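Heads up: the structure comes next, in structure tokens.
Everything quoted here is computed from the prediction, not taken from an experiment. Chain letters run A, B, ... following the sequence lines, proteins first, then strands; residues in each count from 1.
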Protein chains: 2
Amino acid sequence: MSISQAKNQHSGTISPEIALLGFLMAGPCHGYDLHQRFVIELGNVWHLSQSQAYAILKRLENKGDAFARLVEQDKLPARQMLRISAAGRQRFMNWLAKGCGSNARSIRLEFLTRLYFSNLYTPDNTGQIYSAQSIEIKNSINRLENMMTHLPPDQAYNRLSLDLRLRQMKLIQEWMEEIKTQFNITTEETP
Amino acid sequence: MSISQAKNQHSGTISPEIALLGFLMAGPCHGYDLHQRFVIELGNVWHLSQSQAYAILKRLENKGDAFARLVEQDKLPARQMLRISAAGRQRFMNWLAKGCGSNARSIRLEFLTRLYFSNLYTPDNTGQIYSAQSIEIKNSINRLENMMTHLPPDQAYNRLSLDLRLRQMKLIQEWMEEIKTQFNITTEETP
DNA sequence: TGCGATATACTCATTGAGTGAGTATATCGC
DNA sequence: GCGATATACTCACTCAATGAGTATATCGCA
């Protein structure tokens with residue numbers, strides 16, 4: 001337990017799935033377009049190939065988070081219009097409200113994605129999302145520091161790894177401070 | 001292209017596979033023990049569950065990187081003794097000599113693993129491995145800075161993501177400086 | 001004496017990540 | 001009228017990762 005690429009700290013696996021669902025929140029859309037938007041808007045946050053996008057959309061459909069409807073076009077090939085379901089909407093909103101993971105990668109991916117969609121759909125909640133993330137990071141730092149002190153002194157490589165992770169967390173704290181000013185986020189938390 | 005969890009920058013996927021092969025370099029061993037050693041030595045670098053370890057070992061066998069031999073025990077259940085093959089040995093040594101990836105995670109994983117095994121098997125080459133990694137990091141920083149300057153100004157989230165990645169790379173540079181002194185690494189490269 | 005915890009040593013089923021190539025049509029510039 | 005690019009997907013494959021299940025042996029302890 002407690003390690004790096006253990007992706008899901010509490011909940012589901014961290015994947016662009018939820019972000020695709022987020023784009024579907026804006027209204028019905030089809031695979032090609034969703035992928036395009038995704039790449040333009042969040043292409044430097046996540047990497048998502050076209051085929052992977054289609055695979056994920058198919059999964060959303062199977063889960064019942066979206067419905068597909070085939071739309072014929074007289075010239076171009078038919079396309080699957082996707083519409084988010086009530087369940088999908090619910091799942092997305094739940095995810096949006098939640099504090100996310102505690103490793104560097106999942107913060108870059110999930111937190112930025114939350115920020116993006118929160119600004120779009122629930123701008124009043126952005127402060128809360130920010131605060132939740134800050135707390136997660138503090139906890140993570142405490143955990144890592146604790147692990148450091150309990151690590152046998154001969155474990156040089158494990159120590160280096162923990163050391164790097166700890167530094168990364170502290171770096172993320174600084175980075176988040178700048179986001180705070182950039183996005184004009186106000187928090188009532190104790191700083 | 002060029003994104004975060006695009007795991008394989010040049011070569012194969014980044015996975016504990018190569019590390020397991022590294023442990024096999026020390027001599028024949030069986031799954032249970034390999035996993036134990038792995039967790040003790042590099043448990044804070046990689047996460048590797050037991051079942052995943054077995055799956056990877058099976059793959060190594062299928063690839064021809066290792067041979068298995070069933071060894072009966074009179075009390076405990078029989079076990080598969082694994083012995084690395086010439087091909088496996090070759091593959092591992094090639095990997096060891098190579099400069100590795102350019103994202104934060106793959107550096108923590110791959111570079112630390114290289115360092116670990118280099119100190120065990122080829123201590124004279126550790127300096128070269130270190131240098132190769134330093135160069136990769138510098139290149140990565142240049143790439144990221146370049147992407148930053150070419151990013152359209154409205155792309156706030158993509159910018160934040162790149163910004164964090166850039167900071168992380170610079171952090172890793174500092175972290176590597178400490179490794180250099182800790183491991184007494186000397187390089188003839190221009191600093 | 002016997003009970004439960006722990007260690008040894010694996011197997012299996014399932015879900016999901018991710019790539020890369022393939023398919024087919026339409027439009028646009030030259 | 002030719003090739004590049006855009007639209008809109010599909011398919012086959014490999015690998016990651018979890019979690020539960022199986023079976024035996026040993027050790028402490030009450």
Side-chain angles (χ1 to χ4, degrees), chain A residues 1-20 29-40 46-63 65 68-82 105-106 109, chain B residues 1-21 29-40 46-63 65 68-82 103 105-106 109:
Chain A
M1 50 182 63
S2 83
I3 297 306
S4 60
Q5 74 274 50
K7 320 220 147 154
N8 51 338
Q9 357 290 113
H10 344 266
S11 43
T13 311
I14 164 176
S15 107
E17 178 180 311
I18 202 75
L20 278 174
C29 198
H30 55 105
Y32 187 88
D33 226 48
L34 280 167
H35 178 249
Q36 292 286 306
R37 287 192 205 177
F38 192 108
V39 168
I40 291 165
W46 302 87
H47 168 74
L48 182 65
S49 71
Q50 202 194 31
S51 53
Q52 188 57 5
Y54 281 110
I56 290 170
L57 292 173
K58 184 60 70 184
R59 193 163 70 238
L60 287 175
E61 209 188 317
N62 291 339
K63 276 186 189 172
D65 286 339
R69 193 168 53 94
L70 204 68
V71 177
E72 302 288 340
Q73 302 177 103
D74 45 303
K75 302 262 167 158
L76 286 162
R79 50 194 195 183
Q80 294 261 335
M81 283 301 281
L82 289 166
R105 184 159 159 273
S106 86
L109 298 172
Chain B
M1 51 183 64
S2 83
I3 298 306
S4 60
Q5 73 275 50
K7 321 219 150 157
N8 51 338
Q9 355 290 111
H10 343 268
S11 42
T13 311
I14 165 175
S15 106
E17 179 180 311
I18 202 74
L20 278 174
L21 202 52
C29 199
H30 55 105
Y32 186 88
D33 226 48
L34 280 167
H35 177 249
Q36 291 288 304
R37 287 192 205 177
F38 192 108
V39 169
I40 291 165
W46 303 87
H47 168 76
L48 182 65
S49 70
Q50 203 194 30
S51 52
Q52 187 59 4
Y54 281 110
I56 291 170
L57 291 173
K58 184 60 70 186
R59 193 163 70 237
L60 287 175
E61 211 188 314
N62 291 340
K63 277 187 189 172
D65 286 339
R69 194 168 53 92
L70 204 68
V71 177
E72 301 289 340
Q73 302 177 102
D74 44 303
K75 302 263 165 159
L76 285 161
R79 50 194 195 182
Q80 295 260 336
M81 283 302 280
L82 289 168
N103 66 52
R105 185 161 159 272
S106 85
L109 298 173

Atom pair distance, as rounded to whole Å: [atom1] in [X] and [atom2] in [N]:
X: Asn103(B); N: dG18(C); atom1: CG; atom2: P; answer: 12 Å
X: Trp46(B); N: dC15(D); atom1: CH2; atom2: C1'; answer: 13 Å
X: Gln36(B); N: dC10(C); atom1: CD; atom2: C1'; answer: 13 Å
X: Lys58(A); N: dC9(D); atom1: NZ; atom2: C1'; answer: 10 Å
X: Leu70(A); N: dT10(D); atom1: CG; atom2: P; answer: 9 Å
X: Gln50(A); N: dA12(D); atom1: CD; atom2: P; answer: 17 Å
X: Tyr32(A); N: dT25(C); atom1: OH; atom2: P; answer: 17 Å
X: Asn62(A); N: dT15(C); atom1: CG; atom2: P; answer: 11 Å

Are OP1 or OP2 of [N] and a side-chain N or O of [X] less than 4.0 angstrom apart?
X: His35(A); N: dA8(D); result: no
X: His47(B); N: dT18(D); result: yes
X: Tyr54(A); N: dT10(D); result: no

Approximate separation, where rounding is to 0.5 Å, of [X] [atom1] and [Y] [atom2]:
X: Lys58(B); Y: Lys63(B); atom1: NZ; atom2: NZ; value: 14.5 Å
X: Ile56(B); Y: Leu34(B); atom1: CD1; atom2: CG; value: 11.0 Å
X: Gln52(A); Y: Trp46(A); atom1: CD; atom2: CH2; value: 11.5 Å

(message) When you measure only distances, ignoring hydrogens and angles, does the side chain of Ser49(B) come within 3.5 Å of the base of dG19(D) through a donor and an acceptor?
(response)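 For Ser49(B), whose side chain was compared with the base of dG19(D), there is no donor-acceptor pair (under 3.5 Å).
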(request) Spell out yes or no: do the side chain of Ser15(A) and the base of dG16(C) have one donor N/O and one acceptor N/O closer than 3.5 Å? (result)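 No, the side chain and the base share no sub-3.5 Å donor-acceptor pair.
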Looking at [options], which one has an atom nearest to any side-chain atom of [X]?
X: Arg105(A); options: dC9(D), dG18(C), dT8(C); answer: dG18(C)
X: Arg79(B); options: dC10(C), dA16(D), dG18(C); answer: dC10(C)
X: Lys63(A); options: dG16(C), dC10(C), dC9(D); answer: dG16(C)
X: Ser51(B); options: dA17(D), dG20(C), dT11(C); answer: dT11(C)

(request) Answer yes or no: is there a donor N or O on one side and an acceptor on the other, between the side chain of His35(B) and the main chain of Leu48(B), under 3.5 Å? (result)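 Yes, His35(B) side chain to Leu48(B) backbone: donor-acceptor pair under 3.5 Å.
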(request) Please answer whether the main-chain N or O of Gln50(B) pairs with a side-chain N or O of Tyr32(B) as donor and acceptor at a distance below 3.5 Å. (result)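 Such a contact is absent between Tyr32(B) side chain and Gln50(B) backbone.
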(message) Could you tell me the Watson-Crick or G-U partner of dT27(C), where both distances fall under 3.5 Å? Say none if there is no partner.
(response)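 The base-pairing partner of dT27(C), which may sit in any strand shown, is dA4(D).
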(request) Both distances under 3.5 Å, Watson-Crick or G-U wobble: report the partner of dG21(D), or none. (result)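 For dG21(D), the partner nucleotide comes out as dC10(C), under the 3.5 Å rule.
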